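Worksheet for the structure shown next.
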Number of protein chains: 2
Amino acid sequence: MVIDFKFYMRLALDEAWKYQGLTYPNPAVGCVIISEHNEILALEAHKYAGGPHAEVEALKSAYFKLTADNKILEINSSSQIHTYLLKNHNNCFKNATIFTTLEPCAHVGKTPSCAALISMLKIKRVVVGFDDLNIEASGGAEIISQAGVELKRDILAKECGELTLPFNMWKKDRFVFFKWAQRLNGTTDNGVISSEKSRRVVHAMRDVCDLLVIGGNTVRVDRPTLDARLSGGRAPDILILSKSKVFDQNIPLFSVKDRKVTISDNFSILDNYKNIMIEGADEMFRLTKGIVDYYLCFLSPNIGGSSSFRAIDEKLEILNIQKDEQDIIMWMKQANNRGNS
Amino acid sequence: MVIDFKFYMRLALDEAWKYQGLTYPNPAVGCVIISEHNEILALEAHKYAGGPHAEVEALKSAYFKLTADNKILEINSSSQIHTYLLKNHNNCFKNATIFTTLEPCAHVGKTPSCAALISMLKIKRVVVGFDDLNIEASGGAEIISQAGVELKRDILAKECGELTLPFNMWKKDRFVFFKWAQRLNGTTDNGVISSEKSRRVVHAMRDVCDLLVIGGNTVRVDRPTLDARLSGGRAPDILILSKSKVFDQNIPLFSVKDRKVTISDNFSILDNYKNIMIEGADEMFRLTKGIVDYYLCFLSPNIGGSSSFRAIDEKLEILNIQKDEQDIIMWMKQANNRGNS
């Protein structure tokens, strides 16, 4: 294995994908910092909107590793980390290199600009995977360059672009992902499939989705709630895809507060939403093929059940795989297609 | 992410699993070397029996990184790497730490002892995942300790033990793994499923298997060759599991040279073999459940086909997942069962 810039960027990519689907409206971003002697000082990711950016998380970890100043470990707000680092860095980063899957942001949003922070900390070198295409946050590379920081771009740009695609879709239009859970033998029926951990992750994703699409038959048979109770989050609006508008109003999903439920035989209301999760199995897969950007499969390593995806011929391409406590979490896209963009 | 001994050991583990099934009769082993400043100098694995051990591959890479002496890059034989390192190391490893998933070997086999090499190179510290249980090669830790090298054991011992289980089974008795290829929706029928790359890996595994078990129906329907032509290797002996002994002798597998084909309705001949691969689908899965140590699934991210594993209720546990060019390679075992040992 060659230990080079791509190696470190691959670590950053893998860490970032753990939080894909959870960072809306922010991009999933991963970050590695190495010392002047190439020690990995930090490997971090952006975990949720409002939380510190990946670079800030990594600078915090690296600062502690370099200085052993454990006061920083008690600080969790991004702006306070910024302030603390600027006050106390004492040039400890002067020979460090920071790898980030996405160009550090240039705009002051919920947190101050990462590009400005990196420049002021006098980091030696910034290695960027993918340029920020978003007008309000781009320009970070220029800020960094103008501050005299060494800049290298486009390391694993294709992979870092795939990681960032949901963000670019939100900015442009909307991002749609199709999520399903299955056993190893492909079955999607017969009760609970995923681990408790995977189900908590799905609930956390629902919390940041603004619309969840579900089939009418599933609603009638499973009588779901479709909220985010396992993660303590808010419930998304629902589109029930159904020709008939008649549903038993005692089905729990209709009683969830602050939620709009639409019953429709088409996808026109998707235009009103940005971050859209479709849950379903083979029929929904077929119906939504033209509007789905990414696929997300929670694969449980069990064999059982009886009903699986049928009568579809589809080639997918794996973007990232992760193992959680029990399941495999697979992000995919249609083969030979950069999402639906 | 905490960057600690477990982090480096996890890198070594992941690298080693890439060669699981290919190293017989040697164990799959991974190795990381870090410098005095914690730079990752090498991340390597043992790739095939007769090739350098993981430690030797890693010492070679680390030596080059430390000295820039590119003469070592031309040396591929293990004993020549040993000789070259002993002559030229000039104490360059004096502050290095070597992480190895398995206790470095103490015996002189196809290559000199790794424990002796490590001791003579005056490495500062050795971190071992799992103790070598094999009498003829164990004792490496003692050699290292007695040479004054700092020794730390049992880092990710459970995971390193799972990696090493096939080796310990060969030593004790035999190792049996069940291999199949399927699409994402669980189907195993309807033509070629895996990528060219995955099929080459399977052929390389057949090359080091001494017995391949296959069902009679599969032989009759698919008329396979079951050799290792894609990897240029030798073909294993075959057990056709079948009640009827009548087969068309023109089926290609019967014409492969230097191969013994047994047709039997039971598994008694397994006692004559050490490294056994079973290929099949759901029927064979059911029949072999009591004799299988590990499961190996090549999962293609496509949807199609019509026939998948049925009427089995089985909980598996994932040992390792890797992505190759296209497919996911999953090693698993029965849940709550340390292999079949």
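None of the values given here were measured: they were computed from a predicted structure. Numbered from 1 within each chain, the chains take letters A, B, ... in sequence-line order.
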Inset, instruction - Look at the aromatic rings of A:Phe5 and A:Phe99 and report parallel, tilted or perpendicular, splitting at 30° and 60°. - result: perpendicular

Inset, instruction - May I ask you to name which of A:Pro301, A:Ala58, A:Gly186 has the most heavy-atom pairs under 4.5 Å with chain B? - result: A:Pro301

Inset, instruction - Would you mind checking which part of A:Leu11 comes under 4.5 Å of any heavy atom in chain B, side chain (CB onward), backbone (N, CA, C, O), both or neither? - result: side chain

Legend entry - B:Tyr295 versus chain A, the contacting section by heavy-atom distance below 4.5 Å: neither

Legend entry - chain B contact via A:Glu57 - which portion, at a heavy-atom distance below 4.5 Å: neither

Legend entry - A:Glu44 with A:Lys60: basic N within carboxylate O range, under 4.0 Å: no

Inset, instruction - Heavy atoms only, distances under 4.5 angstrom: which of A:Ile321, A:Thr187, A:Asn320 has the most pairs with chain B? Name it, please. - result: A:Ile321

Legend entry - Ion pair check, B:Lys18 and B:Glu15, cut-off under 4.0 Å: yes

Inset, instruction - Report the distance from atom CG of B:Leu165 to atom NZ of B:Lys333, rounding to the nearest 0.5 Å. - result: 8.0 Å

Inset, instruction - Check for a donor-acceptor pair, side chain of B:His46 on one end and backbone N or O of B:Pro52 on the other, with a separation under 3.5 Å. - result: yes

Legend entry - Heavy-atom proximity to chain B below 4.5 Å, by part of A:Gln326: backbone

Legend entry - Inter-residue atom distance A:Ile34.CD1 - A:Glu39.CD, 0.5 Å rounding: 10.5 Å

Legend entry - Pick from A:Asp327, A:Ile40, A:Val2, A:Asp282 with the largest number of heavy-atom pairs that fall under 4.5 Å of chain B: A:Ile40

Inset, instruction - Assign the ring pair A:Phe309 / A:Phe178 to parallel, tilted or perpendicular, where the plane angle (0 to 90°) is split at 30° and 60°. - result: perpendicular

Legend entry - Side chain / backbone / both / neither for A:Phe285 at chain B, heavy atoms under 4.5 Å: side chain

Inset, instruction - Below 4.5 Å from any heavy atom of chain A, which atoms of B:Glu36 appear? Answer side chain, backbone, both or neither. - result: neither

Legend entry - Most contacts with chain A, counted as non-hydrogen pairs under 4.5 angstrom, among B:Arg310, B:Lys323, B:His37: B:His37

